[in-house]
Q: 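Have a look at the structure that comes next, please.
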2 protein chains.
Amino acid sequence: MTRKSTAKKERHQKLVKFIKTNPFLTDEELAELLGVSIQTIRLDRLELKIPEYRERLKYVAKGDTCQVKSLSYGELVGELVDIQVGKSGSSILTINRDMVFKKNKVARGHHLFAQANSLAVALIDAAVALTGSAKVTFRQPVKLGDRVVAEAVIVDNHDKKYRVSVISKVKDQVVFEGLFTVFAVEEA
Amino acid sequence: MTRKSTAKKERHQKLVKFIKTNPFLTDEELAELLGVSIQTIRLDRLELKIPEYRERLKYVAKGDTCQVKSLSYGELVGELVDIQVGKSGSSILTINRDMVFKKNKVARGHHLFAQANSLAVALIDAAVALTGSAKVTFRQPVKLGDRVVAEAVIVDNHDKKYRVSVISKVKDQVVFEGLFTVFAVEEA
DNA sequence: AATTTAATTAGTACCTGGTACTAATAACAG
DNA sequence: CTGTTATTAGTACCAGGTACTAATTAAATT
């Protein structure tokens, strides 16, 4: 014997493919599908280091929610459209499934805040800038699929303290307004 | 007895919130969290028609969110610690690499806002609640690895309008304060 | 063909996270 | 003090496994 019977090798390939295309198959179902005993399936999974059904479920489920749970990461929330550092800028955020309440498909407020806040911070001409305070108003509910255009302008600056006004619109209708106080931070 | 003891009603609300925000909790863990026996949890789930752990996993994994009850997962940023629906609650957010500025490892403000906002919304005893406005202050920079404990209290309520105060701390030091105006939304 | 080795199947004890049920006790209102 | 509700305890049973031993079957080597 070379190393492994071809029958076994073939079955292993099939097994991997089956589970890949449908992780919700139990050993019993797999045994039926491949025409072998349940014990063989279990030995196969052991060899191939394929976790059991319930572990696979958990893995898939966690992969689904881990993204949902957290806010969009990265330096900027949304897509930068235009920027004059120290002056003004704009970004676009398209509301996806993970940003809305499942019940009514309205975007959670903090996503709009995140877009505005990260844009405000991006305008500051410093190594790092931190938000000190903000006053925000959510004028209209934003729905799944909406393209939110945020426009930010530095309205005031004294030393390291900046005031940034952000207005977000969906199709020319104001949905969000915010006034952010941002501080530039020196870097060593 | 009216219809149900208040203790039970409250526990039921908590149970729903806990499972909503984290479907990966077993009855044993829930029993621990709510300070009752595992049997009580099971009776509660039966009454509330909340499916068992493995069924919930399957729903999440299959992306069906849930057909049984309108349990919308991942609606909270952070981990729910305690809640009295309609009164107060608290959550914990641990700052990870994805939440901080690469340069100085300070958390981006909108993550703290998101934790506070989602907690404020979770307190409202309604099908859906939307943030109308907010005034927030970032008192201290929050660093990578910090455990941010947010405590929210409903300070005022007229009809569908609620005012929720949120104070977030890292090791007893206030890092964030916010006053949110939230509106309850009726569902058809 | 006989033997050796690999592969498969069978069977057992045990595990988690439950359901479904019965029974006993605790809490509380009238 | 008595009912009612709520909670806890305990049992049998289930799915879908792990981990192990032993027996059987198939294939390869001598």
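Just so we're clear, the structure is a prediction, and the values are computed from it rather than from any experiment. Sequence lines set the chain letters: A, B, ... in the order given, protein chains first and strands last, and positions in each chain run from 1.
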Q: Would you tell me if any nitrogen or oxygen in the side chain of B:Arg45 comes within less than 4.0 Å of OP1 or OP2 on C:dT19?
A: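 Checking B:Arg45 against C:dT19: at least one side-chain N or O falls below 4.0 Å of OP1 or OP2.
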Q: Among all residues two or more places apart in sequence or in another chain, which pass the side-chain contact (heavy atoms from CB on, under 4.5 Å) test with B:Thr181?
A: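 B:Ser133, B:Lys161, B:Arg163, B:Phe183.
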Q: Do you know the tightest heavy-atom contact between B:Ala120 and B:Val182?
A: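 Smallest heavy-atom distance, with atoms named: CB-CG2, 4.4 Å.
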Q: Can you sort out the partners of A:Ser118 under side-chain contact (heavy atoms from CB on, under 4.5 Å), two or more places apart, ordered by chain and number?
A: A:Leu76, A:Val77, B:His110
Q: For nucleotides 22-25 of chain C, tabulate all protein N/O to nucleotide N/O atom pairs closer than 3.5 Å, reporting atom names and distance.
A:
none

Q: Scan for ring-ring contact (aromatic ring centres under 6.0 Å, His included) pairs involving residues 146-181 of chain B, sequence neighbours excluded, and state none if there are none.
A: B:Phe113-B:Phe180, B:Phe138-B:Phe176
Q: Atom CD1 of B:Ile19 to atom C1' of C:dG18: distance rounded to whole Å?
A: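 Nearest whole value for this atom pair: 13 Å.
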Q: With sequence neighbours excluded, what pairs up with A:Arg56 under the salt bridge (charged side-chain N to carboxylate O under 4.0 Å, His left out) test?
A: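 Here no residue qualifies.
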Q: What are the residues of residues 26-34 of chain B, sorted by number, that bring a heavy atom to within less than 4.0 Å of DNA chain D?
A: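 Close to the strand, none.
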Q: Roughly how many Å is it from CD in A:Glu52 to C1' in D:dA15, rounded to a whole number?
A: 11 Å
Q: Tabulate below the donor-acceptor pairs under 3.5 Å that side-chain atoms of residues 139-148 of chain A make, not counting sequence neighbours, or state none.
A:
unit_1, atom_1, unit_2, atom_2, d
A:Arg139, NE, A:Glu177, OE2, 2.5
A:Arg139, NH2, A:Glu177, OE2, 3.0
A:Asp146, OD2, A:Lys143, N, 2.8

Q: Does A:Ser88 have any side-chain hydrogen bond (donor to acceptor under 3.5 Å, both in side chains) partners at least two apart in sequence or in another chain, and if so, which?
A: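 Testing A:Ser88 for side-chain hydrogen bond (donor to acceptor under 3.5 Å, both in side chains), a comparison that skips the adjacent residues, returns A:Gln84.
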Q: For nucleotides 8-12 of chain C, which of its nitrogen or oxygen atoms have a protein nitrogen or oxygen under 3.5 Å away, and what is each distance?
A:
unit_1, atom_1, unit_2, atom_2, d
C:dT8, OP1, A:Arg11, NH1, 2.5
C:dT8, OP1, A:Arg11, NH2, 3.2
C:dT8, OP2, A:Arg11, NH2, 2.7
C:dT9, OP2, A:Ser37, N, 2.9
C:dT9, OP2, A:Ser37, OG, 3.0
C:dT9, OP2, A:Thr40, OG1, 2.2
C:dT9, O5', A:Ser37, OG, 3.3

Q: Could I get the full list of salt bridge (charged side-chain N to carboxylate O under 4.0 Å, His left out) partners for B:Lys8, not counting sequence neighbours?
A: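 In terms of salt bridge (charged side-chain N to carboxylate O under 4.0 Å, His left out), with neighbours along the sequence ignored, B:Lys8 is linked to B:Glu47.
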Q: Holding to salt bridge (charged side-chain N to carboxylate O under 4.0 Å, His left out), I want the full list of residues that pass it with A:Glu10, two or more places apart in sequence or in another chain.
A: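 Salt bridge (charged side-chain N to carboxylate O under 4.0 Å, His left out) list for A:Glu10, sorted by chain: empty.
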Q: Given atom NZ of A:Lys58 and atom P of D:dG17, what is their separation to the nearest angstrom?
A: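 After rounding, the reported distance stands at 13 Å.
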Q: Are the charged groups of B:Lys102 and A:Glu75 less than 4.0 angstrom apart, N to O?
A: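 Salt bridge flag = yes for A:Glu75 with B:Lys102.
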Q: Can you tell me the distance, in whole Å, between the CG atom of A:Leu57 and the C1' atom of C:dG17?
A: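 It works out to 13 Å between those atoms.
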Q: Just the rounded figure in Å: distance from C1' of C:dC15 to OH of B:Tyr53.
A: 14 Å
Q: Side-chain donor-acceptor contacts of residues 25-33 of chain A below 3.5 Å, not counting sequence neighbours, with atom names and distances?
A:
unit_1, atom_1, unit_2, atom_2, d
A:Thr26, OG1, A:Glu29, N, 3.3
A:Thr26, OG1, A:Glu29, OE1, 3.4
A:Asp27, OD1, A:Arg45, NE, 2.9
A:Asp27, OD2, A:Arg42, NE, 2.9
A:Asp27, OD2, A:Arg45, NH2, 2.7
A:Glu29, OE1, A:Thr26, N, 2.9

Q: Rounded off to whole Å, could you give me the CZ-to-P distance for the A:Arg54 and C:dG17 pair?
A: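 Spelled out: CZ on A:Arg54 to P on C:dG17 is 9 Å.
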Q: Within this structure, what is the CZ-to-C1' distance between B:Arg56 and C:dG18, rounded to whole angstrom?
A: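 Interatomic distance, CZ of B:Arg56 to C1' of C:dG18: 11 Å.
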Q: Would you mind reading off the distance between B:Glu10 atom CD and D:dA6 atom C1', rounded to a whole angstrom?
A: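 Rounding to the nearest Å, CD of B:Glu10 and C1' of D:dA6 are 15 Å apart.
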